[in-house]
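Below is one structure, written out as structure tokens; comments come after it.
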Protein chains: 2
Amino acid sequence: MTDGVHPQRGGPDAEPAAGAGRTRRSDATRAAILRAAQARFAADGYDRATIRAIAADARIDPSMVMRYYGSKEGLFAAAAEFDLRLPDFAGVPPERLGEALVGHFLTRWEGDATLPALLRTACTNPGAAERVRAIFAGQLGVAVARVVADPTQAPRRAGLIASQLLGVALTRYVLRLPPMVDIPPADLLTWLAPTIQRYLTADPTQARVDP
Amino acid sequence: MTDGVHPQRGGPDAEPAAGAGRTRRSDATRAAILRAAQARFAADGYDRATIRAIAADARIDPSMVMRYYGSKEGLFAAAAEFDLRLPDFAGVPPERLGEALVGHFLTRWEGDATLPALLRTACTNPGAAERVRAIFAGQLGVAVARVVADPTQAPRRAGLIASQLLGVALTRYVLRLPPMVDIPPADLLTWLAPTIQRYLTADPTQARVDP
DNA sequence: CTGGGAAGTCAACAGCCGTTGGCATACGGT
DNA sequence: ACCGTATGCCAACGGCTGTTGACTTCCCAG
């Protein structure tokens with residue numbers, strides 16, 4: 001990638017006048033490519049998802065993908081844009097933070113195939129793995145740090161929470177372990193909330209949960 | 001795969017006399033291929049690990065891989081053979097089952113790169129995913145069923161346990177989230193044991209862990 | 001010593017991949 | 001109506017992949 005922006009070979013990419021809401025004629029194509037790419041990356045992972053297949057799904061020529069996204073990596077970067085959209089948990093009582101966190105993740109994931117795609121790819125693609133690390137160290141990390149007493153313990157607590165939440169995403173959406181696929185979201189919330197709550201607030205010197 | 005066994009093109013593969021401990025001259029090569037394959041599959045995943053690279057690591061010709069393992073899929077099947085080696089937990093007091101399970105998994109994983117390899121590949125390769133499903137539904141599932149009171153709840157409990165354990169394997173060995181990589185195994189055991197214990201024995205109708 | 005089969009080497013094939021440059025077309029401002 | 005430009009298609013290149021077949025070398029039983 002020698003150029004930071006899409007090459008747009010025909011000439012300079014400068015918008016003519018209004019900076020914001022201007023729509024180009026090719027935006028529909030761009031969107032179609034992105035939609036097809038998200039679906040293919042989610043279904044097949046980075047390596048097995050070919051530009052030719054994505055282009056065929058979007059009913060355009062493979063070279064259009066290169067023109068609009070520069071390279072396969074650039075396309076993936078655009079397709080795997082992902083925001084946890086963590087809300088502000090300031091108004092949540094401390095003993096219900098686990099429930100709130102799990103609930104947010106479950107509703108965020110059901111019906112959005114971006115995270116499974118990112119997860120699939122992150123298992124083999126170093127760039128995608130770095131992206132996942134950044135998301136969970138950044139977005140989740142700071143959210144946890146805001147509600148945890150001892151700030152030195154925040155990264156470890158966030159890591160443990162990520163391990164459980166990503167474990168659910170992995171087994172439910174990627175590997176599709178039957179028992180995990182079958183659990184209704186409400187039951188899942190009931191099971192997971194206490195785990196996250198404990199990772200969030202339990203005394204780290206504890207040896208065992210009380211009987 | 002038309003033949004269940006390695007083709008061995010030169011002729012029939014029948015051992016001459018003694019059925020068991022007979023060692024062929026090529027066993028060293030076979031082992032070298034397998035070792036190189038496990039390392040490459042673990043590091044790169046199925047798609048990015050090429051037969052040529054594996055053969056180069058093992059200092060042999062790529063065609064030898066085909067002769068001994070039939071195809072890339074056959075090689076992976078041999079390299080990703082994985083047994084959880086779950087012991088018999090009959091002698092463990094019920095309230096320490098979580099600790100025993102987590103401890104076994106941690107010692108089983110540290111120093112054996114086979115599971116990360118399998119996990120990496122399972123994210124994109126349907127055959128490997130099926131293998132992981134079989135391992136956790138089979139080996140872990142029956143172990144859990146033996147110690148759980150209500151047998152109808154066993155699969156769900158096993159699924160939740162798998163979600164936490166695989167989540168740890170994913171974040172610690174595959175994605176390498178820094179906070180998860182840095183936790184010493186002893187601390188990890190302390191944090192995870194209560195979670196697994198709860199998935200194993202807690203009342204499913206509970207709403208929340210007691211404060 | 002000799003023949004035969006196993007072990008290993010070499011070069012090549014066919015296929016798919018990401019990527020590129022050239023060319024036709026349709027649009028929109030003037 | 002004109003023309004520059006954005007949009008799109010086509011054909012192709014070079015590279016890498018799994019896989020194959022023929023060839024040489026080595027070992028060991030007879």
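Quick caveat: nothing in here was measured; it's all calculated off a predicted structure. Order of the sequence lines sets the chain letters (A, B, ...), proteins ahead of strands, with each chain counted from 1. Only heavy atoms go into these numbers, but all of them, side chains included; no hydrogens, no water, no symmetry mates.
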For residues 52-60 of chain A, please give each side-chain donor-acceptor pair under 3.5 Å, one per line with the distance, not counting sequence neighbours.
unit_1, atom_1, unit_2, atom_2, d
A:D57, OD1, A:R40, NH2, 3.4
A:D57, OD2, A:R40, NE, 2.8

Donor-acceptor contacts, no H, no angles, side chain residues 75-87 of chain A, under 3.5 Å, sequence neighbours left out:
unit_1, atom_1, unit_2, atom_2, d
A:D83, OD1, A:R85, N, 2.7

For the side chain of A:R67, counting heavy atoms from C-beta on, which of D:dG18, D:dG21, D:dT7 is nearest? D:dT7
Once you round it to whole Å, what is the distance between C1' of D:dT7 and CD1 of A:I33? 11 Å
Test salt bridge (charged side-chain N to carboxylate O under 4.0 Å, His left out) applied to A:D44 and A:R120, step by step: CA-CA 8 Å; A:D44 302 337; A:R120 261 196 164 87; over 6 Å; no
Looking only at C:dT20, D:dG18, D:dG8, the nucleotide nearest the B:K72 side chain is D:dG18
Nucleic acid contacts - residues 34-60 of chain A versus DNA chain C, non-hydrogen atoms under 4.0 Å: A:A49, A:T50, A:I51, A:R52
Residue pairs passing the ring-ring contact (aromatic ring centres under 6.0 Å, His included) test with at least one member in residues 130-165 of chain A, sequence neighbours excluded, are none
Please name all residues satisfying salt bridge (charged side-chain N to carboxylate O under 4.0 Å, His left out) with A:R108, sequence neighbours left out, ordered by chain then number. A:D112
Among all residues two or more places apart in sequence or in another chain, which pass the salt bridge (charged side-chain N to carboxylate O under 4.0 Å, His left out) test with A:D182? none
Nearest whole angstrom, please: distance from the P of C:dG18 to the CG of A:N125. 13 Å
So which nucleotide from D:dG8, C:dT19, C:dT9 ends up closest to the side chain of A:P62? C:dT19
Starting from C1' on C:dA6, measure out to CZ on B:R30 and report it in whole angstrom. 11 Å
Rounding to an integer number of Å, can you tell me how far A:M64 CE sits from C:dT25 C1'? 12 Å
Return the 5'-most residue of the pair B:D61, A:T29 with respect to DNA chain D, ranking by each residue's nearest nucleotide. A:T29
Please pick, from C:dT19, D:dT7, C:dT9, the nucleotide with the shortest atom-to-atom distance to any side-chain atom of A:Y68. D:dT7
Go through D:dG8, C:dC10, C:dT20 for me and flag the one nearest to the A:S63 side chain. C:dT20
